[in-house]
Amino acid sequence: MELLNEGYEIICVDNCYNSSPDVLNRIEKITSKKVKFYHDDILDAAALKRIFSENKVDAVIHFAGLKAVGESVSIPLQYYHNNISGTLVLCQAMKDANVKNIVFSSSATVYGLPKSLPIQENFPLSATNPYGQTKLMIEQILQDLYVSDPGWSISILRYFNPVGAHKSGLIGEAPKGIPNNLMPYVTQVATGKLPQLKIFGNDYPTPDGTGVRDYIHVSDLASGHSAALKRVLSQTGIDVYNLGTGKGNSVLELLHAFEKASGRKIPYEFVPRRSGDIASCYADPTKAKKELHWETTRDLNEMCEDSWRWQSQSSGKTSD
Ligand code: UD1
């Protein structure tokens with residue numbers, strides 16, 4: 001929507017594995033603009049060839065990936081196939097169509113256990129699960145692609161913890177099954193769909209003992225993509241950017257902000273730490289501010305208010 005409002009023409013390619021095509025109707029309702037939609041998979045080379053031949057594409061924003069850490073441990077082959085092979089097929093189709101501008105969704109998960117905080121883009125990288133491995137491997141593939149042909153223009157965006165929803169309450173996150181991530185879990189406790197939140201650990205070396213993360217509003221994340229797109233359209237090169245607020249909030253802080261925003265009590269209990277979790281993680285967003293001229297503008301209260309509006313308006317609907 002950010003890009004539509006800025007006047008770009010958008011083509012959406014989605015296999016709808018984790019989303020619903022109905023989202024497009026809502027986007028049209030909000031923006032009064034049309035999105036051209038292909039219900040296709042990026043693993044399908046023939047489909048991509050057709051899409052690139054039917055349209056004059058200037059740049060690709062590549063979000064197509066499976067993203068659940070726990071699931072990636074159970075079905076690693078699907079994760080590697082979808083995320084890695086999908087990216088290879090996409091990049092080959094782009095190369096064949098001579099489209100060499102790409103913005104890629106990576107994740108702060110590539111920092112593993114950070115050596116210090118806040119996290120800068122040049123910190124050492126590591127992965128502890130197949131999902132994280134796919135992000136790291138794709139970053140490497142894009143680096144190698146750029147070395148092979150400096151005509152490419154590549155922006156790698158490392159997201160911290162995206163939460164929130166569109167202000168309208170029409171578009172938000174609707175995970176299948178029981179949510180793994182904190183915010184969707186909290187919103188489902190607030191509606192009574194889930195009985196209580198389990199807080200994974202209260203003995204971390206953080207101010208209140210619960211895990212600290214850099215929560216970023218999805219609309220700030222969207223404007224980060226618009227900023228990255230402008231950069232890839234205006235110059236060649238490969239760059240990596242943290243997309244975060246630079247501020248860490250604990251699980252309890254988020255929970256209390258959500259209670260305030262929703263006017264609902266969120267019952268919770270402390271349970272042992274979740275394996276693979278780290279104590280604290282937050283970004284140094286200076287590079288994005290300097291080079292993309294982008295920074296976040298929405299605070300934790302706004303993230304909670306928008307998540308709640310979406311959740312309370314969307315019962316029964318599915319979306320992404
Ligand atoms: C997780 C993924 C990360 C991925 C990101 C976005 C793991 C280990 N990491 O990040 O790779 O990029 O999602 O999809 O899954 N928490 C609770 N109770 C809950 C859920 C979460 O206490 O029911 C706590 C966690 O311990 C953590 C914080 O809330 O301290 C945030 O958790 P979550 O939303 O799952 O995000 P991450 O683990 O940071």
Side-chain angles (χ1 to χ4, degrees), residues 18-19 63-74 76 79 83 104-114 117-119 125-139 156-164 172-190 193-218 221 242-245 247-258 266-283 300 303-304 307 320:
N18 268 324
S19 65
F63 306 102
L66 298 172
K67 64 162 274 276
V69 172
E71 186 183 65
S72 80
V73 176
S74 322
Y79 269 68
N83 294 6
F104 171 64
S105 309
S106 186
S107 165
T109 198
V110 299
Y111 294 114
L113 184 62
L117 294 164
I119 300 171
L125 305 178
S126 67
T128 52
N129 55 70
Y131 159 71
Q133 286 291 358
T134 67
K135 292 293 176 192
L136 262 184
M137 289 164 83
I138 295 168
E139 288 199 6
I156 294 171
L157 305 180
R158 293 186 182 144
Y159 303 177
F160 279 69
N161 285 58
V163 297
E173 187 178 9
K176 287 180 181 161
I178 295 175
N180 298 305
N181 295 120
L182 180 61
M183 185 66 97
Y185 204 104
V186 167
T187 61
Q188 294 194 14
V189 173
K193 201 167 161 192
L194 292 169
Q196 67 172 350
L197 174 70
K198 291 186 176 66
I199 298 185
F200 301 136
N202 62 346
D203 56 352
Y204 282 109
T206 60
D208 63 22
T210 65
V212 165
R213 296 290 183 276
D214 186 338
Y215 296 98
I216 171 170
H217 195 295
V218 287
L221 202 63
N242 284 341
L243 294 190
T245 64
K247 187 175 172 347
N249 284 110
S250 71
V251 176
L252 284 173
E253 280 173 332
L254 183 143
L255 184 132
H256 294 316
F258 191 86
I266 307 295
Y268 67 87
E269 63 168 332
F270 292 118
V271 299
R273 295 179 180 190
R274 178 172 66 181
S275 122
D277 274 0
I278 55 176
S280 294
C281 172
Y282 52 90
L300 189 64
M303 298 178 210
C304 292
S307 289
D320 193 5

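Indexing begins at 1, ligand by ligand and atom by atom, following the structure's order.
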Atom 13 (O) of ligand 1: which of Asn181, Val73, Val271 has the nearest heavy atom?
Asn181
Is Asp214 reaching over with its side chain to a backbone N or O of Phe160, donor-acceptor style, under 3.5 angstrom?
no
Would you check if the side chain of Thr210 reaches a backbone N or O of Val251 as a donor-acceptor pair within less than 3.5 Å?
yes
Would you mind listing which atoms of ligand 1 come within a distance below 4.0 Å of any non-hydrogen atom of Thr109?
11 (O)
Of the protein's non-hydrogen atoms, which lies at the shortest distance from atom 2 (C) of ligand 1, and what is that distance?
Val69 CG2, 3.5 Å
Could you give the distance from CG (Leu197) to OG1 (Thr187), rounded to the nearest 0.5 Å?
11.0 Å
Are side-chain N/O atoms of Glu71 and Tyr131 paired as donor and acceptor at under 3.5 Å?
no
of all protein heavy atoms, closest to atom 24 (C) of ligand 1 is Val251 CG2, 3.7 Å
Are His256 and Asn249 side-chain neighbours, meaning at least one heavy-atom pair lies under 4.5 Å?
no
Which one holds for Leu182 and ligand 1: side chain close, backbone close, both close, or neither close, with close meaning a heavy atom under 4.0 Å?
both
What is the nearest protein non-hydrogen atom to atom 39 (O) of ligand 1, stated with its residue, atom name and distance?
Arg213 NE, 2.6 Å
Which heavy atom of the protein is the closest neighbour of atom 25 (C) of ligand 1, given with residue, atom name and distance?
Asp277 OD2, 3.4 Å
Between OG on residue Ser107 and CG on residue Asn161, distance to nearest 0.5 Å:
8.0 Å
Considering only non-hydrogen protein atoms, determine which one is nearest to atom 31 (C) of ligand 1 and report residue, atom name and distance to 0.1 Å.
Tyr215 OH, 3.4 Å
Under a 4.0 angstrom heavy-atom cut-off, which atoms of ligand 1 come close to Lys67?
14 (O)
Asn180 heavy atoms, cut-off 4.0 Å: which ligand 1 atoms fall inside?
20 (C), 35 (O)
Return the closest protein heavy atom for atom 37 (P) of ligand 1 as residue, atom name and distance.
Asn161 ND2, 3.6 Å
Students should be able to answer this: which protein heavy-atom is nearest to atom 22 (O) of ligand 1, and at what distance?
Phe200 N, 2.9 Å
Atoms of ligand 1, numbered as shown, that sit under 4.0 Å from any heavy atom of Ile199
22 (O)
Under 3.5 Å, is there a donor-acceptor pair between the side chain of Arg273 and the main chain of Asp203?
yes
Which residue owns the protein heavy atom closest to atom 32 (O) of ligand 1, what's the atom, and how far is it?
Arg274 NH2, 3.5 Å
Do any heavy atoms of Tyr131 fall under 4.0 Å from ligand 1?
yes
Output the list of atoms in ligand 1 that are nearer than 4.0 Å to some heavy atom of Ser107, sorted by atom number.
12 (O)
Once rounded to the nearest 0.5 Å, what's the spacing between atom CE of Met183 and atom CE of Met303?
7.5 Å
Hey, are Tyr204 and Ser280 close enough side-chain-wise for a donor-acceptor pair under 3.5 Å?
no
Numbering the atoms of ligand 1 from 1, which are under 4.0 Å from a heavy atom of Leu197?
18 (N), 23 (O)
For the atom pair OG1 (Thr109) and CG (Leu125), what is the distance rounded to the nearest 0.5 Å?
11.0 Å
If you take all heavy atoms of Leu300 and Tyr215, which pair is closest and at what distance?
CD1-CB, 4.3 Å
Could you list which atoms of ligand 1 come closer than 4.0 Å to a heavy atom of Lys198?
17 (C), 18 (N), 19 (C), 22 (O), 23 (O)
Does Cys304 offer a backbone N or O that forms a donor-acceptor pair with the side chain of Ser307 under 3.5 Å?
no
Looking at Gly211, which atoms of ligand 1 are within less than 4.0 Å of one of its heavy atoms?
30 (O)
